[in-house]
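Values reported hereafter were calculated over all heavy atoms of this structure, with side chains retained and with hydrogens, waters and symmetry mates removed. Source: prediction; values computed, not measured. Numbered from 1 within each chain, the chains take letters A, B, ... in sequence-line order.
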Amino acid sequence: MNRTYIKDLRTKVDQTVKIQGWLQTLRDQKKIQFLILRDPTGLVQVAHWKPNDEDLAARITSMGMETALTITGKVIDNPVVKLNQIEIQLESLVVENAAEIPLPFEPFAETLPALDYRLDWRYMDLRRPYNNLLFQIETTLEMAMREYWLQHNFVEIHSPKLTGSPSESGAELFSLDYFERKAYLAQSPQFYKQMAMAAGFERIFEIGPVFRADPSFTARHMTEFTGVDMEISWIDSHEDVMAFQEGWLQYVYTRVKELHGDAIKETFDVDLVVPTVPFPRIPMREAIEILKSRGYVLPADKKGDIDPAGEREIAAYVKEKFDHDFVFLTDWPIAVRPFYHMRLEGDETLTRSYDLIANGLEITTGAQREHRVDVLTRQALEKGLTVEPIQYYLDFFRYGCPPHGGFGLGLSRLMMVLLNLPNIREAVYIFRGPTRLNP
RNA sequence: GGGGGCGUGGUGUAGUGGCUAACAUGCGGCCCUGUCAAGGCCGAGACCGCGGGUUCGAACCCCGUCGCUCCCGCCA
């Protein structure tokens, strides 16, 4: 017999079906037992009249919560039953895997354990429909990203995560033994994205792991995360990158809202708002003036950068003035940008770069890249880098590389923004941080 | 790396100098003609993170230590 999903039981009234899932609740009375079975699509009540089979009744009585079961029985339309007015009359029951007692974690307790404890027992935590939905939404999110890219002639690449030399700075690299030498885990696909531009791919994207050896203890950092990266050729400035990104995000939001808008409202209490384009754009110098005018005092040593609280303040300003959840902060000073960002014509102290702030959270950095090898080399030296380890990268730009730019976005940070999650650990399947390597 | 907060049965909390350390939930037992956030009764379960100190007396105050957590730095 084929397995029936619980959401489809309404169409099977008076038929005998096989359902499979977890025992969520057992109400064991003198003559009758009610089992609430959960599968990924919902809950259903299974009834067993004990005198029908006393041995089976005894086995059910001793079953632990969260036991994995295969049940067959007849689907009854029963208006008395509060749960969808559907009930299964139990015919057979197979315990596929008995849950041990005591349970380390109760997925359906009224109060949730602390996050750290839930991460210890993540596979139990993920049984909650809340999490089930969260990862369905993430799947849709990535699907929509790919849909839009494919509609715009992008090619997907998978760049290596094992690298032989530090690419950008080196400070936040994990190193490991690689036969007789050292290797590093990639902290960004940046150089390989640009290599694809030199290779003539013109438009590429990659969704893949990124590693950062930052001992950051915040609600928005991880040592391993999924980076969403893209790069496009033949652009005139970072404006082209922003224009693409906002259209892309608008499409992604539209698709997620289509498929999950109601569920997101119900489970996360979030009214998903598809952003209008263009997103507001504010040059950094102007942003700092805005902060001053609102009485926000920036720390003295920011070198033209804005601290996280300042970003939240800017987001509040944008919300008030433009009623928008997103804002591009543009034209960042060179002091706080990497060497490969192209400089702004007319002001060599600024770069053709931007950050995207969503609901006050930094989710993206993007830029036009410097593709002229002499300028790029000079900028690297100015930043104190030595040419030798990045020579292979500089060589990308010797044999006809078009002007190009792109951005990187943190997938889980976008999930935080989308669902208004308080902590990135809630937004990722398995969290990796400075002090967490298990499970 | 810097700063703040927290650490009590399996879990979530209450208790801030003198209690056999409380409540909820979960767990075990008994009861209940259909429950549905099931209900009722009984029971087991914590030497209050760890070490030291102050005090007649410490879960409670002090010091250290470990763990967790948030903020900053840095970033996506």
(Q) So if I take residues 45-74 of chain A and measure heavy-atom distances to RNA chain B, which residues fall below 4.0 Å? (A) A:Q45, A:M65
Q. In whole angstroms, how far is the P atom of B:A76 from the CZ atom of A:F205?
A. 21 Å
Q | Main-chain N/O of A:I264 paired to A:T267 side chain as donor or acceptor, under 3.5 Å | A | no
(Q) According to side chain to side chain contact (heavy atoms under 4.5 Å, CB included), who are the partners of A:I288, at least two apart in sequence or on a separate chain? (A) A:K292, A:L298, A:I306
Q) Can you list every salt bridge (Lys or Arg N to Asp or Glu O under 4.0 Å) pair that touches residues 237-251 of chain A, not counting sequence neighbours? A) A:E239-A:R281, A:E246-A:R281
Q: Quick one: label A:D120 by what it contacts on the DNA or RNA (base, sugar-phosphate, nothing), any heavy atom closer than 4.0 Å.
A: nothing
Q: Look at the side chain of A:R220 and the base of B:C70, then say whether one donor and one acceptor between them are separated by less than 3.5 Å.
A: no
**Q.** Annotated protein contacts, base or backbone, on nucleotides 41-47 of chain B with a non-hydrogen cut-off under 4.0 Å, one of B, S, - each
**A.** -------
Q.
Tell me every residue that passes salt bridge (Lys or Arg N to Asp or Glu O under 4.0 Å) with A:K50, counting only those two or more places apart in sequence or in another chain.
A. A:D28
Q: Please identify each residue that fulfils ring pair (Phe, Tyr, Trp, His ring centres under 6.0 Å) with A:Y251, with sequence neighbours left out.
A: A:Y148
(Q) Can you list, in residue-number order, the parts of residues 6-33 of chain A that come under 4.0 Å of RNA chain B, counting heavy atoms only? (A) A:R27, A:D28, A:Q29, A:K30, A:I32
**Q.** Letter per nucleotide, 5' to 3', of nucleotides 2-13 of chain B [B base touched, S only sugar-phosphate touched, - untouched; heavy atoms, 4.0 Å]
**A.** --------BSS-
Q: Check whether any side-chain N or O of A:N84 sits under 4.0 Å from OP1 or OP2 of B:C36, and answer yes or no.
A: no
Q) Can a salt bridge be assigned to the pair A:E382 and A:R343 using a cut-off of 4.0 Å between side-chain N and carboxylate O? A) yes
Q.
Regarding A:T365, tell me which of base, sugar-phosphate or nothing describes its non-hydrogen contacts under 4.0 Å with the strands shown.
A. sugar-phosphate
Q.
What contact category does A:V81 fall into here, base, sugar-phosphate, or nothing, at under 4.0 angstrom with non-hydrogen atoms?
A. base
Q. Looking at RNA chain B, which of residues 429-439 of chain A put a heavy atom within less than 4.0 Å of it?
A. A:T435
Q.
On RNA chain B, compare the nucleotides closest to A:L119 and A:I363; which residue's is nearer the 5' end?
A. A:L119
**Q.** Partners meeting side-chain hydrogen bond (donor to acceptor under 3.5 Å, both in side chains) with A:E96 (sequence neighbours left out)
**A.** A:T70
**Q.** Qualifying residues under side chain to side chain contact (heavy atoms under 4.5 Å, CB included), relative to A:P113, sequence neighbours excluded
**A.** A:F105, A:Y117, A:R118
**Q.** Pairwise side chain to side chain donor-acceptor pair (under 3.5 Å) hits with a residue in residues 428-438 of chain A, at least two apart
**A.** A:D116-A:R436, A:D120-A:R436
Q: If the plane angle is over 60° it's perpendicular, under 30° parallel, otherwise tilted; pick one for A:F244 and A:F154.
A: tilted
